[in-house]
Amino acid sequence: MGLETELKLALSPADVDAFQHHRLLGRFAVDRPRSHRLVSRYYDTPDCLLYRHAISFRVRADGEGHVQTLKQKGRTQNGLSHREERQWRLSGPDPAPEKVPAGLWPAGLRKQLTALRPMFRTDFQRTLWHVRLPADSCCGNQTPADIELALDVGCVVLENDDTRQEPILEVELELVKGHDTVLAQLAHALGRRVRLTPSDISKAQRGYRLLGYAGDGRG
């Protein structure tokens, strides 16, 4: 996986049921929605060097095994983000930073990777639709597109203190095929029935915020 193009939207708890039964999903979803639990642990050094270099590094249990993901800082505005993402399948839950090509780590950081430790985790239920939009199905100038639409409901929790957590309730529109302008057009069409608010706060940023850090969003 290379460049990830995604639009993140905040959803009100009162609108979850209406969103799941939205007529656009019923009309353009390729198949029935799939729902599964995702638990991810985010790793960093004790002084959060990865965060300081705008990198997020996690291992996610997805029900089929474990996937290691590295995301680098990209561009995020009004919920729309473009950033580099790399993934590696793992044989177990422990991170394997040695699988990451040296060029993806900032200069001088690779020698610090032995100090990586789990900082926080996300635990949420994801409901996933594969949406295929013909031309002009959302608005008059909309081009054809394939989009993965995810509804995530859960929380982010500090690894060493379960009492410190923050809720996750958001919709993610990830572009599979087509022009990225379609993401905003689909969000606008969905928003005619439910309230959706563009969000620049990533799941990783929520975790770092619990740790006392603030800054731009990461994976």
> Ion pair present between Asp152 and Lys203, side-chain N to carboxylate O less than 4.0 angstrom?
Replying inline: yes

> Does a side-chain heavy-atom distance below 4.5 Å link Ile168 with Thr122?
Replying inline: yes

>> Whether the side chain of His179 engages the backbone of Thr181 through a donor-acceptor N/O pair (distance < 3.5 Å, no angle test) should be reported.
In response: yes

> Counting only N and O atoms by type, is there a donor-acceptor contact under 3.5 Å from the side chain of Arg52 to the main-chain atoms of Asp47?
Replying inline: yes

> To the nearest 0.5 Å, what is the distance between CE (Met119) and CG (Leu211)?
Replying inline: 5.0 Å

>> So does Asp17 get a backbone contact from the side chain of His21, meaning a donor-acceptor N/O pair under 3.5 Å?
In response: yes

> Is there a chain of hydrophobic side chains (I, L, V, M, F, W, Y, each step under 4.5 Å between heavy atoms) that links Val176 to Val182?
Replying inline: no

> Does the pair Phe28 and Leu186 meet the rule for a side-chain contact (heavy atoms from CB on, under 4.5 Å), with working shown?
Replying inline: CA-CA 11 Å; Phe28 295 115; Leu186 175 58; over 6 Å; no

> Between atom OG of Ser12 and atom CG of Leu169, what is the distance when rounded to the nearest 0.5 Å?
Replying inline: 7.5 Å

>> Can a donor-acceptor pair be found, under 3.5 Å and without considering hydrogens, that links the side chain of Arg206 to the backbone of Val156?
In response: no

> Counting only heavy atoms not in His36, do more than 12 sit closer than 6.0 Å to its NE2 atom?
Replying inline: yes

>> Given 3.5 Å as the limit, does a donor-acceptor pair link the side chain of Gln165 with the main chain of Cys155, or not?
In response: no

> Are Val153 and Leu149 in one and the same hydrophobic cluster, where Ile, Leu, Val, Met, Phe, Trp and Tyr link if side-chain heavy atoms are under 4.5 Å apart?
Replying inline: yes

> Are the side chains of Trp105 and Leu113 in touch, meaning some heavy atoms are under 4.5 Å apart?
Replying inline: yes

> Of the options Arg34, Arg37, Arg89, which is the one that meets Asp62 in a salt bridge (Lys or Arg N to Asp or Glu O under 4.0 Å)?
Replying inline: Arg89

>> So that I can tick it off, tell me whether Glu148 and Lys177 are bridged by a salt bridge, with the cut-off set at under 4.0 angstrom between side-chain N and carboxylate O.
In response: no

> Side chain of Gln68, backbone of Ala96: donor and acceptor closer than 3.5 Å?
Replying inline: yes

> Going hydrophobic residue to hydrophobic residue with side-chain gaps under 4.5 angstrom, can you get from Val67 over to Leu38?
Replying inline: no

> Roughly how far, to the nearest 0.5 Å, is CG of Leu11 from OG1 of Thr197?
Replying inline: 9.0 Å

> Is the shortest side-chain N to carboxylate O distance from Arg121 to Glu159 below 4.0 Å?
Replying inline: yes

> Shortest non-hydrogen contact from Arg132 to Pro134?
Replying inline: O-CD, 3.4 Å

> Which atom pair, heavy atoms only, marks the closest approach of Ala10 to Ser199?
Replying inline: N-CB, 4.2 Å

> Ignoring hydrogens and geometry, is there a side-chain-to-backbone donor-acceptor pair from Gln20 to Asp15 under 3.5 Å?
Replying inline: no

>> If I take atom CD from residue Gln185 and atom SG from residue Cys139, how far apart are they, to the nearest 0.5 angstrom?
In response: 3.5 Å

> In Å, rounded to the nearest 0.5 Å, how long is the span from CZ of Arg193 to CG of Leu25?
Replying inline: 11.0 Å

> Do the side chains of Leu116 and Leu50 get nearer than 4.5 Å, heavy atoms only?
Replying inline: yes

> Which is it for Thr69 and Glu85 under the side-chain hydrogen bond (donor to acceptor under 3.5 Å, both in side chains) test, yes or no, and what are the steps along the way?
Replying inline: CA-CA 7 Å; Thr69 300; Glu85 176 180 292; 5.4 Å; no

> If Ile, Leu, Val, Met, Phe, Trp and Tyr residues are connected whenever their side-chain heavy atoms lie under 4.5 Å apart, and connections chain through other members, are Leu133 and Leu128 in the same group?
Replying inline: no

>> If you compare all heavy atoms of Val59 against all heavy atoms of Pro93, which two are closest, and at what distance to 0.1 Å?
In response: CG1-O, 3.5 Å

> Under 3.5 Å, is there a donor-acceptor pair linking the side chains of Ser137 and Gln142?
Replying inline: yes

>> Pair Leu183, Ile147 - check side-chain contact (heavy atoms from CB on, under 4.5 Å), show working.
In response: CA-CA 8 Å; Leu183 298 179; Ile147 295 167; 3.8 Å; yes

>> Which residues pass the ring pair (Phe, Tyr, Trp, His ring centres under 6.0 Å) test with Phe120, not counting sequence neighbours?
In response: Tyr42, Tyr208

>> Hydrophobic clusters here meaning ILVMFWY residues chained together by side-chain heavy-atom distances under 4.5 Å, can you tell me if Val16 and Leu173 are in one?
In response: yes

>> Any heavy-atom pair between the side chains of Ile201 and Arg209 that's under 4.5 Å?
In response: yes

> Short question: side chain of His188, backbone of Ala184 - any donor-acceptor pair under 3.5 Å?
Replying inline: no

>> Assess the residue pair Thr5 and Leu80 against the criterion (side-chain contact (heavy atoms from CB on, under 4.5 Å)); give the C-alpha distance rounded to whole Å, side-chain angles, the decisive distance to 0.1 Å, and a yes or no.
In response: CA-CA 7 Å; Thr5 301; Leu80 181 65; 4.2 Å; yes

> Excluding sequence neighbours, so at least two apart, what forms side chain to side chain donor-acceptor pair (under 3.5 Å) with Asp31?
Replying inline: none

>> Could you measure the distance from the NZ atom of Lys99 to the CD atom of Gln87? Nearest 0.5 Å is fine.
In response: 13.5 Å

> So which heavy atom on Val194 is nearest to which on Ala18, and how close?
Replying inline: CG1-CB, 3.7 Å

>> Please determine whether a side-chain nitrogen of the Lys or Arg among Arg86 and Glu84 lies less than 4.0 Å from a carboxylate oxygen of the Asp or Glu.
In response: yes

>> Between Arg41 and Arg58, is the side-chain contact (heavy atoms from CB on, under 4.5 Å) condition met? List the steps.
In response: CA-CA 5 Å; Arg41 279 185 166 80; Arg58 74 178 187 225; over 6 Å; no

> What do the steps show when you test Gln205 against Asp200 for side-chain hydrogen bond (donor to acceptor under 3.5 Å, both in side chains), and what is the final call?
Replying inline: CA-CA 9 Å; Gln205 186 183 2; Asp200 292 335; over 6 Å; no

> Less than 4.5 Å apart, any side-chain heavy atom of Lys8 and any of Pro198?
Replying inline: no

> So do the side chains of Ile55 and Leu70 get within less than 4.5 Å of each other, counting heavy atoms only?
Replying inline: yes

>> Test your reading of the model: is there a side-chain donor-acceptor pair from Asp44 to the backbone of Tyr51, 3.5 Å cut-off?
In response: yes

> How close do Pro95 and Leu90 get, heavy atom to heavy atom, and via which atoms?
Replying inline: CA-CD1, 4.3 Å

>> Can you give me the closest heavy-atom contact between Arg110 and Pro101, atom names plus distance?
In response: NH1-C, 4.2 Å

> Hey, does Tyr43 have a side-chain heavy atom less than 4.5 Å from the side chain of Pro97?
Replying inline: no

> Tell me, do Val131 and Val30 make a side-chain contact under 4.5 Å, heavy atoms counted?
Replying inline: no

